[in-house]
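Take a look at the structure below.
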Amino acid sequence: MNALKPRQREFFVEALIRVAGFSAILFVVLIFIFLVKEGAPAFWETSLTNLFGQRWYPNEGLFGTTPLILGSLLVTGGAVVIALPLGLATAVFIRELAPNWLREILKPLIEVLAGIPSVVLGFLGMVAVAPLVRQTLNVPTGLTAFTGSLMLAYMSLPTIISVAEDAIDAVPSTYRDGALALGATHWQTIWRVILPAARSGVIIAVMLGIGRAIGETMAVMMVTGNAARIPREWNALFLPVRTMTATIAAEMGEVAQGSTHYHVLFAVGILLFLVTFLINAVASAVIIKGGARRGGRLMG
Amino acid sequence: MTLILLLSLVACHSLEVDHQAPTPEAVTTIQNKGSDTMVNLALAWAEAYGERHPEVRIAVTGGGTGTGIAALINGTVDMANASRAIKEEERAQAQANGIEPVEHVVAGDAIAIVVHPSNPVQRLTIPQLSDIFSGKITNWREVGGEDRPIVLLSRESNSGTHVFFLEEVVRRGDPKDKTLFSPDTLLMPSSEGISAEVRQNPNAIGYDGLGYVTPDQKVVSVAPTEGEPYVFPTLETVRDGSYPIARPLFIYTIGAPQGAVREYLSWILGPEGQAIVQELGFVPLH
């Protein structure tokens, strides 16, 4: 009897952990089922030409999601272009160049950055960054896709920095020592040896950064102006846009439940879910591939 | 993420005012739902009234005029707040359910056109405003201002103010007119969003309920058409009907109001209720 007891305990603990593990999958599946159940009717309640049309004005039954999709892509793309060099440079600095004491200060500060509520950033963007953008770039309004990208870049930086930093940290020190011993300068070592070796981790950092950016709502809603226009001009980045997330957040609160508008908003949710899912899947594929080839830990 | 967002949105919309009552069985609850334009007003009324009458509990919910009237038709609320008159089909639906909605005008509302304080434009006509907000006029020069692009600001399309502005200004009150807002219109999630942008952007033009206009925005006088007098929105010009972009605000009750609802409604129409109307920037009836 006594001998069985630890084994029984083992069994329960294992079962518990297994349930906890599977619950994550269960919730994702349930959410997806819920989204499909509420969003699928949009595809037969309104025509596909309307659904992918150019005008979003739900009051009049115009549900063209094209401006919303392009708006989200534009803002997210801009954010990545801004955040990637900044985040990568910060990670390299923290890992390779900063003295120990500075690293100890910088790392917690970056964690703090991650903890700032997005509505606070949005408000800051609205009253401080938007006027600045309007004046320095001399555009009609500061509430633009670019302002949204700036805020999103700021918000995805902590993710990009910490993941990229882990990837750089995981590069075996023999690589570094070898490069330096061959007479490479510090910069050559970083650029030619360490970054290429950490490549897959850096790609993951970018992917997770995109995932963080595309799903962000509050800050984007407050600074991008929410004009559902198609960004077709060369300077569209510096004009207002309306993103998928902001549309759902702004309109879901007052939509009549069960109406076409309600279903279309969920359809936009499905789209968003699929995009984030795809990004995460690509990131995971990179992890698996990178991990197998090098056999090393590339992500903390 | 979406789910959490939804839940929080739902939570934001069911603001309930309740007060500690003497005994639970002595408390009468009045359900009040409808227009978001009126939700702050309805909350202020409920709060002030609850302080004087702890035996009455008033539950106030927003959700929009349509939602409020739908709830009245289903008999789930006692009073529906509406920023527009009830439609014929809504009345017919209610009557099919054995409910006779009774209309009470409780306050007045006016939409002010706001621009940056440095903007030299003093006055605009409704047709000009229609052309501006539908994107036909895109430069301030065309309406007597400086050579600057016009940046259009509007409330989100689900707000009562947006719909009222669309019907009365962009479509000039013509129900057959199908003109839409320009796709370049910036839809702001809040009044604060509009005032923040108008305050700092000399290109901007926006509109909002008269009660939400802060002193650091410039209000423009409006004429119904070219040649008619331009009127500046004030309590007086709204009340005497000379300001063209104004509307009454309604409360609908089920049949002639009885008991607690009747007392509450007559308090709203009385001096105390109307003082709150003025405090919140709407236009009192007298």
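Per chain, numbering begins at 1; letters A, B, ... match sequence-line order.
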Heavy-atom pairs under 4.5 Å with chain B, option from A:Ala246, A:Pro140, A:Pro67 with the top count: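 If we count pairs closer than 4.5 Å to chain B, A:Pro140 comes out on top.
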At a heavy-atom distance under 4.5 Å, which candidate from A:Met221, A:Arg242, A:His261 has the highest pair count against chain B?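 If we count pairs closer than 4.5 Å to chain B, A:Arg242 comes out on top.
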Select one option (side chain, backbone, both, neither) describing which atoms of B:Ser154 are under 4.5 Å from chain A's heavy atoms.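 It is neither, since no heavy atom gets under 4.5 Å.
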Counting only non-hydrogen atoms closer than 4.5 Å, does B:Leu166 touch chain A with its backbone (N, CA, C, O), its side chain (CB onward), both, or neither?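 Only the side chain of B:Leu166 comes within 4.5 Å of chain A.
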Atom CG of B:Leu187 and atom CG of A:Leu143: how far apart are they, to the nearest 0.5 Å?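 Those atoms lie 11.5 Å apart.
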Taking atom CD of B:Glu156 and atom OG1 of A:Thr247, what is their separation to the nearest 0.5 Å?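 Rounded to the nearest 0.5 Å, the CD-OG1 separation comes to 7.5 Å.
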I need the minimum non-hydrogen distance between [X] and [Y], along with the two atoms involved.
X: B:His162; Y: A:Tyr57; result: NE2-OH, 2.7 Å
X: B:Pro202; Y: A:Arg134; result: CD-NH1, 3.3 Å
X: B:Glu197; Y: A:Gly142; result: OE2-N, 4.2 Å

Spell out the residues in residues 224-236 of chain A that have some non-hydrogen atom less than 4.5 Å away from a non-hydrogen atom of chain B, in order of number; otherwise answer 'none'.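 Hits under 4.5 Å: A:Gly225, A:Asn226, A:Ala227, A:Ala228, A:Arg229.
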Determine, stepwise, if the pair A:Met126 / B:Glu192 fulfils side chain to side chain contact (heavy atoms under 4.5 Å, CB included). CA-CA 10 Å; A:Met126 195 169 86; B:Glu192 171 53 27; 4.2 Å; yes
Would you mind reporting whether B:Ser157 and A:Glu251 have side-chain heavy atoms less than 4.5 Å apart?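 Yes, their side chains come closer than 4.5 Å.
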With a 4.5 angstrom heavy-atom cut-off, which part of [X] approaches chain B: side chain, backbone, both or neither?
X: A:Gln54; answer: neither
X: A:Pro131; answer: both
X: A:Leu239; answer: neither
X: A:Val223; answer: neither

Walk me through it: do A:Thr141 and B:Asn203 pass the test side chain to side chain contact (heavy atoms under 4.5 Å, CB included)? CA-CA 7 Å; A:Thr141 171; B:Asn203 306 324; over 6 Å; no
Would the number of heavy atoms belonging to other residues, nucleotides or ligands and lying under 6.0 Å from OH of A:Tyr154 be above 12?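 No, the 6.0 Å shell around OH holds no more than 12 heavy atoms from other groups.
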Are more than 12 heavy atoms, taken from residues, nucleotides or ligands other than A:Phe43, located less than 6.0 Å from that residue's CZ atom?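 Counting neighbours around CZ of A:Phe43, more than 12 heavy atoms of other residues, nucleotides or ligands fall under 6.0 Å, so yes.
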